[in-house]
Amino acid sequence: MYTLQGEHQHIAFSDTGCVLSFTDPSLSRNYIAAPAPGRPLFRIGCTEFLQGERQPGNIILTSDLTMPFVEQDKNRITFRYSFLGGRNIHVSCHVHMDPADGLCHFSIHIENHSTLGLHFLEYPVIECPVFLGQDPSQSRILLPKQDGYLLPSPHYHPWEGDLPFRSFDQRFEYPGNGREFPENISAQLLAYYDPEGGFYLAVHDGGGNPKRLGPVWNRNASVETLSFTPFFHLPPVSGNSYNPGYEVVICCFHGGWQSAADLYKKFAEKQSWCSKKLWEREDIPLWVKKGALFFNIRLRGQENGFPDELPEYLKDWQQYWNVPMAAMMCGWEKHGEWVGPDYFPPYGGERRFRQLCTSLKQEKIFPFPFGLSGLKLPIRKLIGADHPQPELAIDYDNREYFQKILSPAAATDAAGQFITDSEPSDWDGLHAYACVSTNQARNQLYGAAMELVSLGAQIVQADQLFGGGVTECFQTSHGHPPGRGKWQTEQLAAIYDAIRRDGKKQDPDFVLSQEFMSELFIQHLDICHARVFDEPRGIGGIPLFAYLYHEYMPCYGGDWSSQLSDNTCGIYNHAANFVYGSLPAACPQTMMKSMINEPLSNCDPSILKMGKNCCSLHCRFPQYLINGKMLPFSELPVPRITVSYTGLNFSGWKKGNGQQPAVLFCRWEAPDKSRACVCANISSHTQTFPIAFPPSVKEAVLWRNDEPMKRLRITDGISMVSLLPQDAAVIEELRPNL
């Protein structure tokens with residue numbers, strides 16, 4: 001057995017390199033499950049080649065096939081495996097317990113002198129117990145999926161979603177794969193903890209190399225475990241070696257998800273995606289930094305056909321919100337909603353669409369044709385009128401055009417077949433995907449974006465590229481390595497850069513957005529489409545991405561937050577966007593079975609009240625809620641209430657009832673280091689609660705919508721605050737030294 005001793009953790013390995021234990025000495029807790037026979041330090045998936053042709057299937061080589069030569073000094077162990085499994089493949093694994101940062105660093109180098117192609121790597125193999133301590137209900141797993149998830153132990157809460165492929169029992173793609181499943185993660189960290197302490201794992205990779213991270217529930221082994229083993233994609237090329245230049249780090253920590261995020265942020269802020277903060281970025285228009293409401297409407301399906309009267313209709317809403325607005329116009333595409341890439345001429349024709357955009361801009365409303373359908377290549381779309389979303393009722397046959405024109409650019413799998421993972425009756429129809437390295441991909445994103453800008457659009461969104469993920473491709477005639485690789489991220493970033501460069505030449509107020517976030521693209525985008533309000537997410541959503549990166553890139557909060565009374569979580573949606581720093585969003589339609597843009601008078605008064613209060617304060621205090629940094633915060637001592645979630649299922653789990661604190665709460669710091677608390681009462685009762693302030697803060701002022709400031713008395717670091725139902729507030733700390 002070999003061991004490394006650190007101040008905060010101890011790690012032990014077997015003679016073959018298997019991780020036997022990872023122990024927090026302050027708790028005497030081992031985060032590694034009892035090792036099953038044959039558990040290795042790494043697994044390598046290899047591809048065979050015959051006469052230069054890649055063969056199906058993988059050969060798995062593991063560390064336990066060869067006894068290693070081991071070198072050890074005080075803080076480092078090196079395991080060297082020669083002729084792994086009798087092949088001319090040699091592996092060196094280095095483990096370093098760094099006293100400077102308190103982390104245990106894992107690196108690996110693979111020399112491949114065989115004809116095999118390295119296809120994937122799992123390293124280090126980390127298997128944990130299925131819950132910590134004695135109570136399964138107390139275990140939490142931090143997953144950087146979408147805005148942020150907290151998962152329970154599978155012994156406490158089911159891990160299967162409402163569809164067979166919706167499950168937490170899997171790893172998730174980084175930065176994404178361009179398809180819906182497996183879904184993407186936005187950062188490269190995991191944490192597993194309970195109230196006593198936790199285990200942290202991250203990949204310190206600043207280069208966008210594709211990987212998967214996530215908890216896999218192993219139930220077939222002799223010992224039931226949760227695997228936190230990272231999975232790395234490699235391009236399967238005969239004789240390829242692997243020297244990544246980045247590390248996997250693990251450590252023990254105390255605290256909750258914010259403590260784990262603080263560890264990751266020490267790495268993240270040194271990477272290129274954090275090169276400039278939002279308030280330093282001259283490439284992002286001022287209107288974004290000041291704030292706006294994203295208002296989702298539909299062009300099709302209105303009583304009078306093409307809505308030439310839309311600018312007049314939006315005047316009432318603009319007057320009510322009393323903040324700048326972006327008009328998210330769904331259904332602008334030539335053939336129907338979410339049918340591309342043959343988008344033009346747009347619905348209503350070029351002349352009417354251009355005039356619509358001009359009229360909106362005259363009313364100081366930003367035109368936003370929502371959005372580009374990613375890199376999907378439609379083949380057949382057949383959705384009946386009985387579908388719960390009437391905007392998707394369409395019969396579109398593109399098979400002949402796909403075969404003649406689009407198919408050469410389509411991404412293929414390892415067997416040379418087009419990647420199609422959908423059916424004609426699915427919401428987006430049967431489709432293939434354009435390989436991101438092709439001119440077709442550039443035309444679908446850059447070409448369409450420039451056409452929209454020429455028609456008057458000021459916002460374009462690369463939709464359905466979740467977290468900047470694009471599909472893998474094995475078609476080497478496209479000029480890229482086979483499979484997945486950092487070439488995908490580099491190609492997409494180059495397209496984004498060209499869109500923003502040339503779009504801003506035509507209109508300085510132009511912005512590019514992307515559906516869902518990824519740290520890799522922060523400096524390549526103006527804004528991102530987030531859904532921090534979307535629940536349920538495991539046992540609860542958290543604003544992880546905002547906590548990590550809010551001061552670097554803004555997000556707007558969703559696309560379908562109805563203001564009508566059938567949206568039973570509408571009050572919560574507005575409050576969550578406000579408190580967690582997403583630009584506000586709203587929609588004047590019912591949640592299902594209707595496309596009519598309803599008038600203000602038909603909407604729910606309570607949802608409208610919450611929205612108006614939040615929107616006003618959001619744009620009144622952009623130094624905190626748009627340009628600011630999210631600080632550590634905790635839940636207020638208020639009752640928890642039931643929220644009935646409804647709407648589209650973006651998290652993959654059935655909508656239902658969930659519990660939220662009656663008053664949502666967060667803390668923020670502006671670029672000038674001034675600080676504020678924000679809160680919103682989502683309940684139907686007045687809530688009175690204490691807010692704690694640092695000892696240096698002797699005074700604070702409370703701001704509500706359209707009300708004068710109110711000075712708060714702070715006694716022993718505590719001030720009592722009362723909020724009426726659907727009330728929101730910003731509470732600024734007054735510090736004499738600032």
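In this structure, Ser565 contributes its side chain and Asp604 its backbone to no donor-acceptor pair below 3.5 Å. Of the possible polar contacts, none joining the Asn304 side chain to the Phe306 backbone as a donor-acceptor pair under 3.5 Å is found. Judged purely by atom type and a 3.5 angstrom limit, Asn577 uses its side chain to pair as donor or acceptor with the backbone of Gly557. Proximity of a side-chain donor or acceptor of Glu519 to a complementary backbone N or O of Phe521 within less than 3.5 Å is not detected. In this structure, Gln318 contributes its side chain and Glu363 its backbone to a donor-acceptor pair below 3.5 Å. At least one donor-acceptor pair under 3.5 Å links the side chain of Gln488 to the backbone N or O of Val470. At distances below 3.5 Å, at least one donor-acceptor pair connects side-chain atoms of His431 with backbone N or O atoms of Gly429. Between the Asp526 side chain and the Val511 main chain, no donor and acceptor come within less than 3.5 Å of each other. Checking side-chain atoms of Ser562 against main-chain N and O of Gln589 turns up a donor-acceptor pair under 3.5 Å. With Asn177 contributing its side chain and Thr471 its backbone, the two residues share no donor-acceptor pair below 3.5 Å.
Between Leu664 and Asn681 there is no side-chain heavy-atom pair separated by less than 4.5 Å. Taking the side chain as every heavy atom from C-beta outward, Ser359 and Gln355 approach each other to under 4.5 Å. In this structure, Leu382 and Ile394 have side chains that are not in contact, with every pair of non-hydrogen atoms separated by 4.5 Å or more. Looking at heavy atoms from C-beta onward, Tyr433 lies out of side-chain contact with Cys473 at the 4.5 angstrom threshold. Using a 4.5 Å cut-off on side-chain heavy atoms (C-beta onward), Glu515 and Gln461 make contact. No side-chain heavy atom of Gln563 sits less than 4.5 Å from a side-chain heavy atom of Pro588. Taking the side chain as every heavy atom from C-beta outward, Asp559 and His529 approach each other to under 4.5 Å. Looking only at side-chain heavy atoms (C-beta outward), Glu173 and Ile185 stay at 4.5 Å or farther from each other.
Note: Trp338 and Phe370 have perpendicular aromatic rings, judged against thresholds of 30 and 60 degrees for the angle between ring planes. Ring geometry for Phe295 versus Trp317: interplanar angle of 30 to 60°, hence tilted. The aromatic rings of Trp321 and His574 lie tilted to each other, with the angle between the two planes from 30° to 60°.
Val460 and Ala449 get closest at one heavy-atom pair: CG1-CB, 4.0 Å. The two residues Tyr347 and Gly305 come nearest to each other via the heavy atoms OH-C, 3.9 Å. Between Cys528 and Met553 the shortest heavy-atom distance is SG-CE, 3.4 Å. Minimum heavy-atom separation, Lys361 to Gly456: NZ-O, 3.3 Å. Phe545 and Ser186 make their closest contact through CD1-OG, 3.5 Å (heavy atoms, listed as atom of the first residue, atom of the second, distance). The minimum heavy-atom distance between Phe366 and Pro324, with the atom names listed, is CE1-CB, 4.4 Å.
Cation-pi geometry between Arg380 and Tyr396 is not satisfied (NZ or CZ under 6.0 Å from the ring centre, within 45° of the ring normal). Cation-pi geometry between Lys612 and Tyr320 is satisfied (NZ or CZ under 6.0 Å from the ring centre, within 45° of the ring normal). A cation-pi arrangement is present between Arg442 and Tyr446 under the rule of less than 6.0 angstrom and at most 45 degrees off the ring axis. Under a cutoff of 6.0 Å and an axis angle of 45°, Arg171 and Phe231 do not form a cation-pi pair.
By the neighbour-count criterion of 12 heavy atoms within 6.0 Å, atom CZ of Phe418 is densely surrounded, having more than that number from other residues, nucleotides or ligands. Heavy atoms from other residues, nucleotides or ligands lying under 6.0 Å from NE2 of His155 number more than 12. Taking a 6.0 Å sphere around CG of Asn439, one finds it holds 12 or fewer heavy atoms contributed by other residues, nucleotides or ligands.
Salt-bridge formation is detected for the pair Arg219/Asp169: a Lys NZ or Arg NE/NH1/NH2 atom is positioned less than 4.0 Å from an Asp or Glu carboxylate oxygen. Asp342 and Lys334 are joined by a salt bridge, as a carboxylate oxygen and a charged side-chain nitrogen come within less than 4.0 angstrom of each other.
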Met610 and Cys614: CA distance, side-chain angles, deciding distance, side-chain contact (heavy atoms from CB on, under 4.5 Å) verdict: CA-CA 6 Å; Met610 185 87 267; Cys614 291; 3.6 Å; yes
Output, in order, the C-alpha distance, side-chain angles, deciding distance and verdict of side-chain contact (heavy atoms from CB on, under 4.5 Å) for Lys145 and Arg537. CA-CA 9 Å; Lys145 182 170 178 281; Arg537 290 178 273 165; over 6 Å; no
Show your reasoning for whether side-chain contact (heavy atoms from CB on, under 4.5 Å) applies to Asp397 and Lys381. CA-CA 6 Å; Asp397 190 340; Lys381 191 170 186 177; over 6 Å; no
Go through the steps to decide whether Asp413 and Glu472 satisfy the test side-chain contact (heavy atoms from CB on, under 4.5 Å), and finish with yes or no. CA-CA 8 Å; Asp413 61 20; Glu472 72 273 21; over 6 Å; no
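Screening Phe368, Tyr343, Trp332 for a side chain to side chain contact (heavy atoms under 4.5 Å, CB included) with Leu452, the sole residue that qualifies is Trp332. Screening Asp534, Thr568, Thr646 for a side-chain hydrogen bond (donor to acceptor under 3.5 Å, both in side chains) with Lys655, the sole residue that qualifies is Asp534. Across Asn184, Leu492, Leu372, a single residue satisfies side chain to side chain contact (heavy atoms under 4.5 Å, CB included) together with Leu465, and that is Leu492.
Pairs engaging residues 424-439 under the salt bridge (charged side-chain N to carboxylate O under 4.0 Å, His left out) rule: Lys376-Asp428 [sequence neighbours left out]. The list of salt bridge (charged side-chain N to carboxylate O under 4.0 Å, His left out) pairs with a residue in residues 292-311, not counting sequence neighbours, reads Arg298-Glu337, Arg298-Glu391, Asp308-Arg352.
Side-chain contact annotation: Asn657 with Ser644, donor-acceptor N/O pair under 3.5 Å present.
Thr438 OG1 to Leu406 CG: the interatomic distance, rounded to the nearest 0.5 Å, is 10.0 Å. We find the SG-CG distance between Cys555 and Leu583 to be 9.0 Å, quoted to the nearest 0.5 Å. Taken from CD1 in Ile379 to CD in Gln403, the straight-line distance is 7.5 Å, to the nearest 0.5 Å.
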